[in-house]
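For reference, the structure discussed in these notes is given below.
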Amino acid sequence: FATAVMQNYIQLEPLSLLGTNTVPDHCSVLIIAAPRTTLRDDELAKISRYLDAGGRLFALFNYETANKDLGLEHLLVKWGVNVGNNIISDPENTHSGPDVEVKAFSDHKVVNALRNASIHLVYPRQVSRIDISSAADAPRIEEIARTGERSTLLTDTNAPPKAYSVAVAVEKGAVAGVAGGRVWVSIH
């Protein structure tokens, strides 16, 4: 992942939010890649302030933490994103069993480059939209990537087959002191 990001001329810098550290003002996007431990309340508060000020977040979630409370899931609910514990199987779109080849993308600009491509996820988790508010300044939430129509849940064998969302984009309109809207994405 880091190599792909750097090939697109994006500089990565490690960041610790412990102590008095905050997300730097020059941070274009904060990437939280598959956290394995619960984030502390002060870390979550710093991330929340960054997002409230128009910051961007790219959060990736691992199947190994599906039933673990990382804290970040609760913060994302505020933004209309549900990070589920459900593991998805898509027998019609797999190469080896645990992987799912995702080929269905929305018209959102953040996935334009993927329209004629696919992404491979291993034991993907359901990441979906939550309706949170009808207020004019509420963020716009869109499910941007889905599995095949006959996907099932490994964690709920009674659920009927259907396409499941695995990625969500959230856009908040103009934020005081910030030019233009911001986009952040949550992908498995």
Side-chain angles (χ1 to χ4, degrees), residues 1-87 108-111 113-114 119 121-130 132-133 135 137-145 165-188:
F1 176 74
T3 301
V5 170
M6 290 185 292
Q7 286 174 340
N8 285 287
Y9 307 102
I10 299 171
Q11 181 181 355
L12 295 176
E13 297 177 22
L15 175 66
S16 169
L17 294 176
L18 298 176
T20 59
N21 295 344
T22 61
V23 179
D25 292 337
H26 69 277
C27 180
S28 301
V29 63
L30 175 62
I31 300 171
I32 302 176
R36 291 195 168 112
T37 59
T38 302
L39 279 74
R40 295 170 21 151
D41 288 343
D42 59 329
E43 293 173 300
L44 292 168
K46 292 171 187 177
I47 295 167
S48 183
R49 281 193 297 275
Y50 170 73
L51 294 175
D52 289 341
R56 298 175 182 180
L57 172 67
F58 185 55
L60 298 102
F61 291 90
N62 191 310
Y63 69 90
E64 294 173 346
T65 59
N67 290 308
K68 185 174 185 175
D69 183 0
L70 300 171
L72 188 56
E73 304 92 336
H74 304 289
L75 175 63
L76 294 177
V77 166
K78 170 184 169 186
W79 290 90
V81 177
N82 177 49
V83 179
N85 290 322
N86 297 321
I87 306 296
H108 194 281
K109 62 188 171 195
V110 78
V111 288
L114 298 174
I119 56 174
L121 304 175
V122 177
Y123 290 123
R125 287 168 65 177
Q126 184 178 11
V127 178
S128 56
R129 175 185 195 280
I130 303 170
I132 55 172
S133 173
D137 65 343
R140 289 181 305 281
I141 307 142
E142 182 179 335
E143 294 177 347
I144 59 171
S165 173
V166 294
V168 175
V170 179
E171 285 185 76
K172 183 159 178 141
V175 177
V178 178
R182 297 290 184 158
V183 177
W184 57 273
V185 180
S186 173
I187 297 181
H188 162 76

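Along the sequence shown, the residues carry numbers beginning at 1.
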With side chains defined as the heavy atoms from C-beta onward, is the minimum distance between [X] and [Y] less than 4.5 Å?
X   : Y    : value
L76 : V127 : no
R56 : L30  : no
L70 : V83  : no
S48 : K78  : yes
W79 : D52  : yes
D42 : L17  : no

Check: [X] side chain, [Y] main-chain N or O, donor-acceptor pair, under 3.5 Å:
X    : Y    : value
T22  : K46  : no
N86  : Q126 : no
R129 : G80  : no

Salt bridge (charged side-chain N to carboxylate O under 4.0 Å, His left out) involving K68 - partner list, sequence neighbours excluded
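Salt bridge (charged side-chain N to carboxylate O under 4.0 Å, His left out) check on K68 returns nothing, list empty.
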Closest heavy-atom contact between [X] and [Y]?
X    : Y   : value
Y123 : Y63 : O-CB, 3.4 Å
T38  : G71 : CG2-N, 4.4 Å
P35  : L60 : CD-O, 3.5 Å

Listed by chain and number, what are the side chain to side chain contact (heavy atoms under 4.5 Å, CB included) partners of T20, not counting sequence neighbours?
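Side chain to side chain contact (heavy atoms under 4.5 Å, CB included) check on T20 returns nothing, list empty.
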[atom2] on [Y] to [atom1] on [X], rounded to 0.5 Å:
X    : Y   : atom1 : atom2 : value
L121 : I87 : CG    : CD1   : 11.0 Å
D41  : H74 : CG    : NE2   : 10.0 Å
L72  : L39 : CG    : CG    : 6.0 Å

